[in-house]
Q: 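Sharing a structure, written as structure tokens. Questions coming.
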Amino acid sequence: MSSISIAGVGSSAFTRASGRSVPALAREATLLALADAGMSPADLGAVVPVGGSLFTEDVVAGLGLRDDVLDVLPPPGGNGGLNSVGAAELILRAGAADVAVAVFARNGRSASRIGRRVSDLPGQQFREFLERPYGWVAPAQWYAMIAQRHMALHGTSTDALAEVALTMRAHAQLNPHAMMFGKPMTREHYDASPMVSDPYRLFDCCLETDGAVAVVLTSRDRRSNPAGERDVRLLAFSSARPQSADDLTNREDWFRIGLTTAAPAVYERAGIGPADVDTAMIYDCFTFEVLHQLEEAGFCPRGEAGAFVLSGALRLGGRLPTNTHGGLLSEGHLLGLSHVVEAVRQVRGEAGDRQVPHARVAAVTGWGDWGDGSMALFGGRGVE
Amino acid sequence: MNAEEHMSRAQLLAPELAPHLDGSDAAPLAVPRCVACGTHQWPPRPSCAVCRSTEFVSTPVDPVGTIYSWTTTHRAPTPEFAHLVPYTIVVVALDEPHRIRLLGRLAPTNEAPSLRVGLRVQGTRERSAEGVPLLVWNIIA
Ligand SMILES: [Zn+2]
């Protein structure tokens, strides 16, 4: 391995009242360090923010970094779940450890509900001064805005949103672990659920959940270990963010998200395409986000996700059985790490009543604060 | 929070934003324009997204445009908004500069059933009950 050196250093002025924003300060120190190294922002492949007051997203906008620059400390939004698997992969590949656990735990219903958690996300200056005064503060309201535009441009219907909610709930009836197991939903129930923020009704919104999920990854050779028989290959992982990751309103293309960049990278690394995926676990914080990600992950052309789901594609027996555990909408919401658990069960052939026959390749997506996105592909026995 | 506290917090946390939150009725609505390359930028940031320059000049804009998207909130996300529901938030694409979009509230007098993407709207500046400046949009013919 080549040696590691420090190539450049930089700092802003140290004062009692800078009169400048945190992103502006971070930008200055980083540019000075790069200049000291004889480099430019285009050289940067990764950002390692010291957590607490600064996010990588604060640095990305100021320096014009690539959408997929590696973020070693991602924000605590929904993309963090799958990103933990990506971070474990990096550590294992670097040889810094040979077994790693990605683990998430939260009392997301009883103690730390979503209304309190949104203030931990990046871009708080925009939230507080440009959005909160209008009462635009909750994820349901942010993403309702994207859904509404998709409906206007592509004729996407509430029937398609309902189909996502009903499919996830039907799948949960086959999963005793799901919070909504034993609570089937009809279209009448869906239509009667209260409107939260147009077009989202209560049943378009994910659950809030107390619980924990853990995933153990290893680089050990397990061929002689009987437990290794059930190992599932992480074929590829990638994570990216939309342009202007911390602001939705002025993003040039509202439908171009992190997944738009991450999905092609993952297919290329794995040497397969969307048609090779047998089952998908899509980050379903809200029903429209499933449609949105189906398009950007390449499972159907942009604008056609409504027709795709209305064909029954997401149901068991459909073209792409999706969120066979019930998803965040009906199984439970632990930042999507539960999607990895279900992907593993499917390609192991251990999904019981909800098993997708001959499932060999499973895709998992992550989605976080305003469209950060990631994707992982998992392969069962014989898939290399 | 009253208007004065709101402004001093903005000065502290978001100095790039603060000059644009003034909201005094006499001041025109303004957005930053990059001195080096002329690009208008919103929301305000430390550097230009196109050329990375850090010098901006505040440029008045006419609050007229079209609804880019909207949502009507029926369940208050937190108790502080309970007295407002139902309320409609719009993202408005300005006619000029056409790449700039501004968030705001649709005036409650506008009929919800007719609401759709593409409607023309005109903005006026108002203040919340606490005195915080707001942009309120009205549908125009
Ligand atoms: Zn510029």
Q: What residue in A/Ser244, A/Gly64, A/Ala138, A/Pro194 has the most heavy-atom pairs under 4.5 Å with chain B?
A: A/Gly64
Q: Using a cut-off of under 4.5 Å on heavy-atom pairs, state which of B/Gln11, B/Arg75, B/Gln41 scores highest against chain A.
A: B/Arg75
Q: Nearest 0.5 angstrom please: B/Trp70 CH2 to A/Met145 CE, how far?
A: 10.0 Å
Q: Is A/Leu153 close to chain B through its backbone or its side chain, or both, or neither, when contacts mean heavy atoms under 4.5 Å?
A: neither
Q: Flag the one option from B/Ala93, B/Pro43, B/Pro86, B/Ala14 with the top tally of heavy-atom pairs under 4.5 Å to chain A.
A: B/Pro43
Q: Counting only non-hydrogen atoms closer than 4.5 Å, does A/Glu131 touch chain B with its backbone (N, CA, C, O), its side chain (CB onward), both, or neither?
A: both
Q: Would you say CZ of A/Arg187 has more than 12 non-hydrogen atoms from neighbouring residues, nucleotides or ligands within 6.0 angstrom?
A: yes
Q: Say you draw a straight line from CG of B/Leu17 to OG of A/Ser21; how long is it, rounded to the nearest 0.5 Å?
A: 9.0 Å
Q: Against chain B, label A/Gln243 side chain, backbone, both or neither, depending on which of its atoms sit under 4.5 Å from a heavy atom there.
A: neither
Q: Look at B/Arg45 together with A/Asp246 and state whether they make a salt bridge at an N to O cut-off of under 4.0 Å.
A: yes
Q: Name the region of A/Gln124, side chain, backbone, both or neither, that has any atom closer than 4.5 Å to a heavy atom of chain B.
A: neither
Q: Which heavy atom of A/Glu128 sits nearest to which heavy atom of B/His6, and what is that distance?
A: O-CE1, 4.3 Å
Q: Looking at B/Glu16 and A/Arg20, is any side-chain nitrogen of the basic one under 4.0 Å from a carboxylate oxygen of the acidic one?
A: no
Q: Could you have a look at A/Pro41, A/Ala152, A/Ala61 and say which one has the most heavy-atom pairs with chain B under 4.5 angstrom?
A: A/Ala61
Q: Is the closest side-chain heavy-atom distance between B/Thr54 and A/Arg27 below 4.5 Å?
A: yes
Q: For the atom pair NE2 (B/His40) and CG (A/Asn250), what is the distance rounded to the nearest 0.5 Å?
A: 12.0 Å
Q: Could you tell me which of B/Pro77, B/Ser69, B/Pro46 has the largest number of non-hydrogen atom pairs under 4.5 Å with chain A?
A: B/Ser69
Q: For the CH2 atom of B/Trp137 and the OH atom of A/Tyr134, what is their distance to the nearest 0.5 Å?
A: 9.0 Å
Q: Among B/Ser128, B/Ala49, B/Gly104, which residue has the highest count of heavy-atom pairs closer than 4.5 Å to chain A?
A: B/Gly104
Q: Sort out for me which of A/Ser18, A/Ala144, A/Gly135 touches chain B most, counting heavy-atom pairs under 4.5 Å.
A: A/Gly135
Q: At what distance, to the nearest 0.5 angstrom, does CZ of B/Arg9 lie from CZ of A/Phe129?
A: 5.5 Å
Q: Would you say A/Trp254 and B/Val91 make side-chain contact, with heavy atoms under 4.5 Å?
A: yes
Q: Stepwise, does the salt bridge (Lys or Arg N to Asp or Glu O under 4.0 Å) test hold for A/Arg132 with B/Glu80?
A: CA-CA 10 Å; A/Arg132 173 163 281 277; B/Glu80 69 183 288; 2.3 Å; yes
Q: Picking from A/Ile146, A/Asp198, A/Val196, what satisfies side chain to side chain contact (heavy atoms under 4.5 Å, CB included) with B/Thr71?
A: A/Asp198
Q: Calculate, to the nearest 0.5 Å, the distance between atoms CG and CG belonging to B/Leu103 and A/Leu130 respectively.
A: 8.0 Å
Q: Top residue by heavy-atom pair count (under 4.5 Å) with chain B, among A/Val137, A/Thr249, A/Leu248, A/Val22?
A: A/Thr249
Q: Is the number of heavy atoms from other residues, nucleotides or ligands under 6.0 Å of B/Glu5 CD greater than 12?
A: yes
